[in-house]
Amino acid sequence: MNAAFLNALVKRFEGLEQPLNRLDAATGDGDHGSTMLKGLRAAAESPQAPAKAFRKAAGGASGSLFSLLIGALDQVLQGEAKLPDALSRAADRVNQLGQAKPGDKTMLDALIPAAAQPDATQAAKAARAGCEGTRSMAAKRGRARYVEGAGVGHMDAGATSVAEILDEFAKITAEDT
């Protein structure tokens with residue numbers, strides 16, 4: 001995978017670690033930012049495939065689910081897949097593993113709209129809009145469904161991370177063109 005992209009993600013998530021943890025604390029266990037940063041650091045530093053390194057270091061559900069996004073973007077950067085196809089496959093697999101669907105207030109609410117876009121810039125914009133849309137949703141999956149009000153009024157931390165990752169992806173791919 002593109003080392004510049006992974007290093008840019010690490011730097012970005014260093015700044016997002018605490019805000020993502022606070023966001024996750026409102027609807028989950030409060031460690032999403034730390035988990036993402038741990039996985040991204042491993043992906044950037046390991047000789048293993050980025051998705052595998054991320055999954056092993058992050059662990060748990062987030063490690064498994066976000067490794068699918070990391071792997072999809074790696075395929076695109078390696079020229080093995082087009083962005084919409086790679087994101088669609090990742091979204092399908094996240095759906096299968098997590099048993100979530102659009103509107104459940106999960107990362108899919110950012111990932112699925114992004115997959116419907118023709119390029120990285122539009123995908124990043126769609127992911128951001130999907131992420132913002134989770135604020136008014138009641139969680140139907142994960143820990144957030146047990147929180148009073150099912151997290152209504154808070155953006156989903158996973159959807160936020162998808163939007164941040166795709167925003168960085170759009171920046172790095174724009175520089176390459």
With a 3.5 Å cut-off and sequence neighbours excluded, list the donor-acceptor pairs that the side chains of residues 81-88 form with protein atoms.
residue: Ser88; atom: OG; partner: Pro84; partner atom: O; Å: 2.9

Can I get a per-line list of side-chain donor-acceptor pairs under 3.5 Å for residues 5-12, giving both atom names and the distance, sequence neighbours left out?
residue: Asn7; atom: ND2; partner: Ala3; partner atom: O; Å: 3.1
residue: Arg12; atom: NE; partner: Glu164; partner atom: OE1; Å: 2.7
residue: Arg12; atom: NH1; partner: Asp167; partner atom: OD2; Å: 3.0
residue: Arg12; atom: NH1; partner: Glu168; partner atom: OE1; Å: 2.7
residue: Arg12; atom: NH2; partner: Glu164; partner atom: OE1; Å: 2.8
residue: Arg12; atom: NH2; partner: Asp167; partner atom: OD2; Å: 2.6

Which donor-acceptor pairs under 3.5 Å do side chains of residues 34-41 form with protein atoms, sequence neighbours excluded?
residue: Ser34; atom: OG; partner: Glu17; partner atom: OE2; Å: 2.9
residue: Ser34; atom: OG; partner: Asn21; partner atom: ND2; Å: 2.9
residue: Thr35; atom: OG1; partner: Asp31; partner atom: O; Å: 3.0
residue: Arg41; atom: NH2; partner: Glu14; partner atom: OE2; Å: 3.2

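With sequence neighbours excluded, no residue satisfies ring pair (Phe, Tyr, Trp, His ring centres under 6.0 Å) with His154. Every residue meeting the side chain to side chain contact (heavy atoms under 4.5 Å, CB included) condition with Pro102, not counting sequence neighbours, appears here in chain and number order: Asp109, Ile112.
Considering only heavy atoms from C-beta on, Arg55 comes within 4.5 Å of Lys52 through its side chain.
Of all heavy-atom pairs spanning Gln117 and Ala126, the tightest one is CG-CB, 3.7 Å. For the residue pair Ala163 and Cys131, the shortest heavy atom distance occurs at CB-CB, 4.1 Å. For the pair Ala43 and Ala53, the tightest heavy-atom approach, listed with the atom from each and the gap, is CA-CB, 3.9 Å. Considering all non-hydrogen atoms of both residues, Met107 and Leu65 come closest at SD-CB, 3.8 Å. In terms of heavy atoms, Gln96 sits closest to Gln99 at O-NE2, 2.7 Å. Residues Ala159 and Thr134 share a closest heavy-atom pair of CB-CG2, 4.0 Å.
Applying the ring-ring contact (aromatic ring centres under 6.0 Å, His included) definition to pairs two or more places apart or across chains, those involving residues 54-92 are His32-Phe66.
Residues Leu166 and Ile172 share a single hydrophobic cluster, defined by chaining ILVMFWY side chains whose heavy atoms lie under 4.5 Å apart.
Distance check: Gln122 CD to Lys125 NZ gives 5.0 Å after rounding to the nearest 0.5 Å. Note: Glu132 CD to Met155 CE = 4.5 Å, rounded to the nearest 0.5 Å. Taking OG1 of Thr160 as the start and CG of Leu16 as the end, the distance is 9.0 Å to the nearest 0.5 Å. How far CD1 of Ile165 is from CG of Leu69: 5.0 Å, rounded to the nearest 0.5 Å.
Side chain of Ser67 to backbone of Ser64: a donor-acceptor contact under 3.5 angstrom is found. Without hydrogens or angle criteria, Thr106 side chain to Ala100 main chain gives no donor-acceptor distance under 3.5 Å. Between the side chain of Thr173 and the backbone N or O of Ala170, at least one donor-acceptor pair lies under 3.5 Å.
Between Arg89 and Asp92 no salt bridge is recorded (no basic side-chain N to carboxylate O distance below 4.0 Å).
The only option from Asn95, Val162, Asp156 that meets the side-chain contact (heavy atoms from CB on, under 4.5 Å) definition with Leu108 turns out to be Asn95.
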